[in-house]
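Model, not experiment: these values are computed from the prediction.
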Amino acid sequence: MASQKKNSDFLKQGGILAIASLFVRLIGLIYRIPMSNILGEEGNGIYAVAFEIYDLILIISSYSLPLAMSKIVSAQLARKEYKNSSQTLKVGMIFAAVSGGVFGSVLLFGAKFIEDHVYPEYAGVHIPLRVLAPTILIVAFLGVFRGFFQGMKTMIPTAVSQIIEQVINAIVSVLASWLFMKWTIGDPLRSAWGAAGGTLGTCLGAAAALLLLVFLISIYKPILRKKESRDRTWHADTTGELFRVLILTILPVILSQTVYNISGLIDYKIYGYFSSQSGVDAVTIKSMVGVYSSKYRVMCSVPIALSTALASSMIPSAVAAFTEKDFNQLRYNVASVVKFNMIIAFPCFIGYTVLGMPIIKLLFSSNYILGGKMLVIGSLAIVFYALSNVTGGALQSINRMSLPVVHSAVSLILHIIIVMICVKYTSIGIYSLLVGNITFPLVVWLLNLYALKRCIPGGYRQEVVKSFIAPLAASIWMGIITLAVYEFFGLFTTSNIIRTLLSLVIAVVTYFAALLLLNTVTRDELVEFPFGYRLYALAKKMRLMA
């Protein structure tokens, strides 16, 4: 019974974070549509490069804090070290203040240098970078509080704060982009000012989320003090020891995530440099990057965010299982998240392949043909990112922190070579970035999988039929039906909106039915999913499950 409760709680917490991430990404997708149309392709290109630079500095300074705090606190609570967990929170806040302050200042004062000496092809990028600088400090504190709550195996504070952050971000980004573009008519850097309006939303959204978590921490303090009074810890960790543990936990994650995210910056540099060398003008370069970032990457980010959320939710339970040497529970955690991810990733991949062009046309008013082609060709990356995220999180959970770093570095080297060859020696242009975006997570996943089999005591083996073959088969069947429905409705209407929306509804129903007909999930697994009991009731009404 205890094991079943663990499994249920683990998946439910993962489901909470996954739903929040889905909601956040949907809001992000919705607001990026008007913002993308306001900025134009050139402004979207500047916005994309600014965000890649911001993301890299964020990773170096504080992006790994939620994972590190979660990992340390969950291990301490598994040993009932409540005083140490409270001290870890204080140490994390000191680290956030120093790291966030230093790197925020670097971005603020170094923005023009970055533009002049690293990305001269993207004139004006220093403006949105300076707007993003304070966000580095804000997100550092945000990461500490989110990681602390995740370490306690509750994802609700993180989920709620993410939703509030994105709602504020959406409202401010669209409004500020429109106002900044309106106020700078005639300015040669007008597109850059518009992009700065978008980044202002990021800053204010993070500030709103931080205020919420500070409030929640203040409410939780009396509960924490009661737990501390019952703490029977024989050895209290000193501040110095906690700093050492925090830094040793953070560094491998920083290196791993830096390698992951620097690939985007390198892609933009390689594409910009070699395209300009071959005579492509700067506006066209920024426009192509704008389509790639604002259409293809935004659409792919929705399902990838779900995999990231599930991988994050797995870590506290996996760390606790590893600490308690419950390797059966550890294997269950990894296998469950892989299976859950594939149930999400495969239909997204097939759905984008079948309806990529109509979906982009539905959402965006400009350059939907190029954006649609990118989504159709590059959607396979969703599956590989899901697998690489989960396996990387599993390795971090079992204290093999350096392995994801090595694997990402190996994949990055191959990635650079592949993208450079494609851009320089072929005529596929911006599609070169799609090739790199697919091969990068593929290599990382294969290396992570091999390491997991060696490093988990007793080995690790993923069940294949229900985790991979059945979801893929259900997705292919869904894709065939969906395409047929889209073409059928084309006999009666020329409206892409009607055809696409009706096809998407049919796609969801078809996939759900096919998934259950193939016995991909059991009743117990289904009820552990988000809204699981409602899904089970629906399955019974459809006579797909007893």
message = Whether Glu52 and Arg297 form a salt bridge (side-chain N of Lys/Arg under 4.0 Å from carboxylate O of Asp/Glu) is what I want to check.
response = yes
key: Salt bridge present between Arg130 and Glu115 (N-O < 4.0 angstrom)   = no
request  = Assess the pair Tyr54 and Phe51: is the distance between their ring centroids shorter than 6.0 Å?
outcome  = yes
Is there a donor-acceptor pair closer than 3.5 Å between any side-chain N or O of [X] and the backbone N or O of [Y]?
X	Y	answer
Ser161	Thr158	yes
Asn169	Thr202	yes
Asn44	Ser36	yes
Tyr352	Ile382	no
Ser99	Phe95	no
Thr199	Ala196	yes
Glu463	Ser467	yes
Lys339	Lys466	no

I need the [X] [atom1] to [Y] [atom2] distance, nearest 0.5 Å.
X	Y	atom1	atom2	answer
Phe349	Ser379	CZ	OG	5.5 Å
Leu65	Phe148	CG	CZ	14.0 Å
Phe440	Ile266	CZ	CD1	9.0 Å
Ile46	Leu129	CD1	CG	10.5 Å
Leu387	Thr391	CG	OG1	7.0 Å
Ile164	Leu210	CD1	CG	11.5 Å

Heavy-atom side-chain contact between Ile136 and Leu58 under 4.5 Å = yes
ask   = Under a 4.5 Å cut-off applied to non-hydrogen side-chain atoms, are Met69 and Arg146 in contact?
value = no
Please find the pair of heavy atoms, one from [X] and one from [Y], that lie closest to each other, and give the distance.
X	Y	answer
Asn448	Ser388	ND2-O, 3.5 Å
Ser177	Met35	OG-CG, 3.5 Å
Gln462	Val334	OE1-O, 4.3 Å
Val174	Tyr31	CG2-O, 3.6 Å
Leu403	Ala451	CD1-CB, 3.9 Å

task = Take Trp445 and Val390 through the test side-chain contact (heavy atoms from CB on, under 4.5 Å) and record every step on the way to the result.
result = CA-CA 9 Å; Trp445 166 54; Val390 174; over 6 Å; no
Asn437 and His415: side chain donor to acceptor below 3.5 Å = no
